[in-house]
Amino acid sequence: MDQIDIDHFHTIDLRVARVIECEKVEKSRSLLRIILDLGDERKQIVSSIADYYKPEDIIGRNLIIINNLKPAKFMGIESQGMLLAAEDESGVSLLTTDKDVKPGTRVH
């Protein structure tokens with residue numbers, strides 16, 4: 001991958017977001033529709049993590065998201081950001097905080 005400079009990194013708005021709703025997308029094998037609390041706003045993200053997480057397993061969790069990603073549509077549903085996750089041979093692990101951090105907090 002190409003290296004980026006610190007100014008480019010600072011254009012990426014990483015935030016803590018609390019999952020307040022989550023459901024499987026009908027007619028999709030792997031998509032979840034996730035509603036997130038960012039403190040002063042709510043966002044919807046569609047993510048292909050249904051093979052690794054059940055909706056009830058992530059409700060109430062703090063996740064790290066890219067907040068300023070251009071919206072995209074998946075199966076006709078607008079996604080307004082991206083969850084961050086690590087993936088290896090054991091599967092997918094969502095990035096989260098190790099303490100209870102206020103939704104909307106910026107990640108540096």
Side-chain angles (χ1 to χ4, degrees):
M1 297 190 102
D2 294 336
Q3 290 186 340
I4 62 172
D5 63 29
I6 194 71
D7 292 329
H8 185 118
F9 174 77
H10 285 300
T11 67
I12 303 168
D13 185 16
L14 299 174
R15 299 284 173 155
V16 175
R18 184 164 293 138
V19 179
I20 55 176
E21 294 177 36
C22 184
E23 65 183 11
K24 187 128 174 27
V25 174
E26 283 188 39
K27 299 181 183 175
S28 167
R29 186 185 67 77
S30 64
L31 294 178
L32 293 180
R33 178 182 159 272
I34 304 160
I35 305 297
L36 300 156
D37 175 14
L38 283 117
D40 61 349
E41 69 175 315
R42 291 187 175 184
K43 282 203 167 188
Q44 172 176 270
I45 290 180
V46 178
S47 183
S48 60
I49 60 170
D51 289 340
Y52 306 99
Y53 292 93
K54 295 177 185 171
E56 59 270 19
D57 293 339
I58 64 171
I59 292 174
R61 292 181 64 181
N62 282 343
L63 303 179
I64 308 302
I65 70 162
I66 299 175
N67 191 42
N68 61 337
L69 193 65
K70 289 182 182 179
K73 285 199 175 185
F74 299 93
M75 296 197 67
I77 304 169
E78 185 175 76
S79 184
Q80 302 163 327
M82 179 183 286
L83 303 179
L84 294 184
E87 183 175 14
D88 65 12
E89 61 280 347
S90 66
V92 169
S93 178
L94 293 169
L95 297 188
T96 186
T97 59
D98 67 348
K99 296 179 184 172
D100 190 25
V101 178
K102 185 173 120 184
T105 300
R106 181 121 195 232
V107 176
H108 299 279

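Separation of atoms NZ (K70) and OG (S79) is listed at 15.0 Å; rounding is to 0.5 Å. Here the OG-CZ distance, from S48 to R29, works out to 9.0 Å after rounding to the nearest 0.5 Å. One distance of note links CD1 of I58 with SG of C22; it measures 3.5 Å at 0.5 Å rounding. For the atom pair CG (L69) and CG (D13), the distance works out to 11.0 Å, reported to the nearest 0.5 Å. Distance CE/M75 to CD/E26: 9.0 Å, rounded to 0.5 Å. Here CD1 of I34 is found 6.5 Å from CG of L36. Values are rounded to the nearest 0.5 Å.
The main-chain N or O of L94 is found under 3.5 Å from a side-chain atom of Y53 such that the two form a donor-acceptor pair. For the pair N68 (side chain) and T11 (backbone), a donor-acceptor distance under 3.5 Å is present. Without hydrogens or angle criteria, T105 side chain to V16 main chain gives no donor-acceptor distance under 3.5 Å. Listed for the K102 side chain is no donor-acceptor partner under 3.5 Å among the backbone atoms of L38. Here the side chain of K43 pairs a donor or acceptor atom with the backbone of N67 at under 3.5 angstrom. No side-chain donor-acceptor contact under 3.5 Å links R18 to the backbone of D37.
Under a hydrophobic-cluster definition in which Ile, Leu, Val, Met, Phe, Trp and Tyr are linked whenever side-chain heavy atoms come within less than 4.5 Å, directly or via other members, V19 and V92 are assigned to the same cluster. Both L83 and I59 are assigned to one and the same hydrophobic cluster, defined by single-linkage of ILVMFWY side chains at heavy-atom distances under 4.5 Å. Hydrophobic clustering of Ile, Leu, Val, Met, Phe, Trp and Tyr side chains at less than 4.5 Å, counting indirect connections, unites I4 with I6. Hydrophobic clustering of Ile, Leu, Val, Met, Phe, Trp and Tyr side chains at less than 4.5 Å, counting indirect connections, keeps V107 apart from I65.
Looking at L84 and L63, their side chains never come closer than 4.5 Å, going by heavy atoms from C-beta outward. Taking 4.5 Å as the limit, some side-chain heavy atom of I64 sits within range of a side-chain heavy atom of T97. At least one side-chain heavy atom of L32 sits less than 4.5 Å from a side-chain heavy atom of P55. Side-chain contact check for M82 versus I45: every heavy-atom pair is 4.5 Å or farther apart. You'll find the side chain of Y52 reaches within 4.5 Å of the side chain of E87, heavy atoms only.
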Give the C-alpha distance, both sets of side-chain angles, the deciding distance and a yes or no for side chain to side chain contact (heavy atoms under 4.5 Å, CB included) between I66 and L14. CA-CA 5 Å; I66 299 175; L14 299 174; 3.8 Å; yes

Before you tell me yes or no, could you show the steps for I20 and R42 under side chain to side chain contact (heavy atoms under 4.5 Å, CB included), namely the whole-Å CA-CA distance, both residues' side-chain angles and the distance that decides it to 0.1 Å? CA-CA 9 Å; I20 55 176; R42 291 187 175 184; 3.3 Å; yes

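Judged as a side chain to side chain donor-acceptor pair (under 3.5 Å), and not counting sequence neighbours, the contacts of E78 are Q80.
Heavy atoms of other residues, nucleotides or ligands lying less than 6.0 angstrom from CZ of R106 number more than 12.
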